[in-house]
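Quantities reported herein were computed from a predicted structural model and do not represent experimental measurements. Only heavy atoms go into these numbers, but all of them, side chains included; no hydrogens, no water, no symmetry mates. For this chain, numbers begin at 1 and follow the sequence in order.
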Amino acid sequence: RAGKSIEGAGGAVLISSGASDALSSGEVIVRSEMGGALGTSGEVRVETGATGFSSSGGITLGSGTSSDGAGGDMQIIVGAGSKGAGAVVVKAGEAQEASGVGGGVYVTAGAGSNRVGGRGGDMVLAGGEGEGESAGDGGGVKMWGGNSMGGQGGGVTLRSGRSHSLGSGAVALETADAGSSGVSGGISLTTGTSSRGPTGRVVLTTGTSSIGAGGSVEVAVGTGDLGSGGEMSLTSGETTSLGAS
């Protein structure tokens, strides 16, 4: 434990492995030991202290840089369990004042910083696999904006990256192919219901072009080799108001 200070900063704590002039440096392992037959293994906690006058201290987890290779990976792995696995929870802090804004959560892939041909890293969000041969569904991927008591709920925006010289990236919404005895999943675009006003619109619009042609909007039904072809249905809304059409 580092020393306490009355007027200055408290002392620091440094835990460091040994260096090597020729081979790898040593590992640093912080772990709790196994639990007994009637208990659980102990927790490992890394937390900063509270403060009453300024911002509390941050926590930084980072791997070292490399001058002639790849930077080290960072992995957060939950242990397996016979009756269920633990979750990974990443949650930003709350803002308690009326004018405060809650902390954001930012997950960004690495940049390709070479000016000649660097490529940015991909970001993959995937549900867990259901590995049972006869049963067990794969996990879903869910994204939603925050709820609100007195204001508007948070939005969800899916947008591709821009380019200063070439085309912007595409946005694709597609379901995977079906197995030998199932049907492929559907895609639904639906706005929520409303009790005191119009419901939200669904708008499909291509962008404008200052030199070339505007993009097309295509709606097509897939082909099939058994039975009738798929239908296309466009239905306008109904109203229960008297005198309205």
Side-chain angles (χ1 to χ4, degrees), residues 27-48 58-66 69-94 101-112 118-148 153-161 168-193 200 202 222 224 230:
E27 293 182 339
V28 175
I29 300 176
V30 179
R31 72 176 184 187
S32 63
E33 282 298 340
M34 296 175 56
L38 300 178
T40 61
S41 59
E43 293 184 350
V44 175
R45 303 181 64 174
V46 179
E47 58 184 24
T48 64
I59 295 177
T60 301
L61 298 176
S63 63
T65 60
S66 174
D73 294 330
M74 182 176 298
Q75 301 183 27
I76 300 176
I77 301 175
V78 177
S82 60
K83 296 183 179 180
V88 176
V89 179
V90 179
K91 182 179 179 180
E94 300 178 359
V101 179
V105 176
Y106 303 92
V107 181
T108 306
R119 183 183 185 279
D122 295 327
M123 179 180 295
V124 180
L125 297 176
E129 296 184 0
E131 297 181 348
E133 295 183 359
S134 59
D137 297 334
V141 176
K142 301 178 181 180
M143 300 174 61
W144 58 80
N147 298 326
S148 173
V156 176
T157 301
L158 294 176
R159 184 174 66 180
S160 67
S168 61
V171 175
L173 294 177
E174 58 184 28
T175 62
D177 296 337
S180 58
S181 60
V183 297
S184 60
I187 295 178
S188 299
L189 296 177
T190 307
T191 64
T193 61
V202 175

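Between the OG atom in S168 and the CZ atom in R159 there is a gap of 10.5 Å [rounded to 0.5 Å]. Taking NZ of K91 as the reference point, atom CD of E94 lies at 5.5 Å (rounded to 0.5 Å). If you take CD on E131 and CD on E129, they are separated by 5.5 Å, rounding to the nearest 0.5 Å.
Pairing each heavy atom of L173 with each of I187, the nearest pair is O-CD1, 3.3 Å. Here the closest heavy-atom approach between residue E43 and residue S32 is recorded as O-CB, 4.4 Å. Considering every non-hydrogen atom in both A170 and S160, the closest pair reads O-CB, 3.9 Å. Between M143 and L158, the shortest heavy-atom distance links the atoms CE-CD2, 4.3 Å. Nearest heavy-atom pair across A92 and G103 is CB-O, 2.9 Å. Smallest separation of non-hydrogen atoms from S66 and G71: CB-N, 4.5 Å.
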Test side chain to side chain contact (heavy atoms under 4.5 Å, CB included) applied to D122 and R119, step by step: CA-CA 9 Å; D122 295 327; R119 183 183 185 279; 3.4 Å; yes
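Taking a 6.0 Å sphere around CE of M123, one finds it holds more than 12 heavy atoms contributed by other residues, nucleotides or ligands. Summarising the local packing, CD1 of I76 is surrounded by 12 or fewer heavy atoms from other residues, nucleotides or ligands at distances under 6.0 Å.
Formation of a donor-acceptor pair under 3.5 Å by the T191 side chain with backbone atoms of G200 is found in this model.
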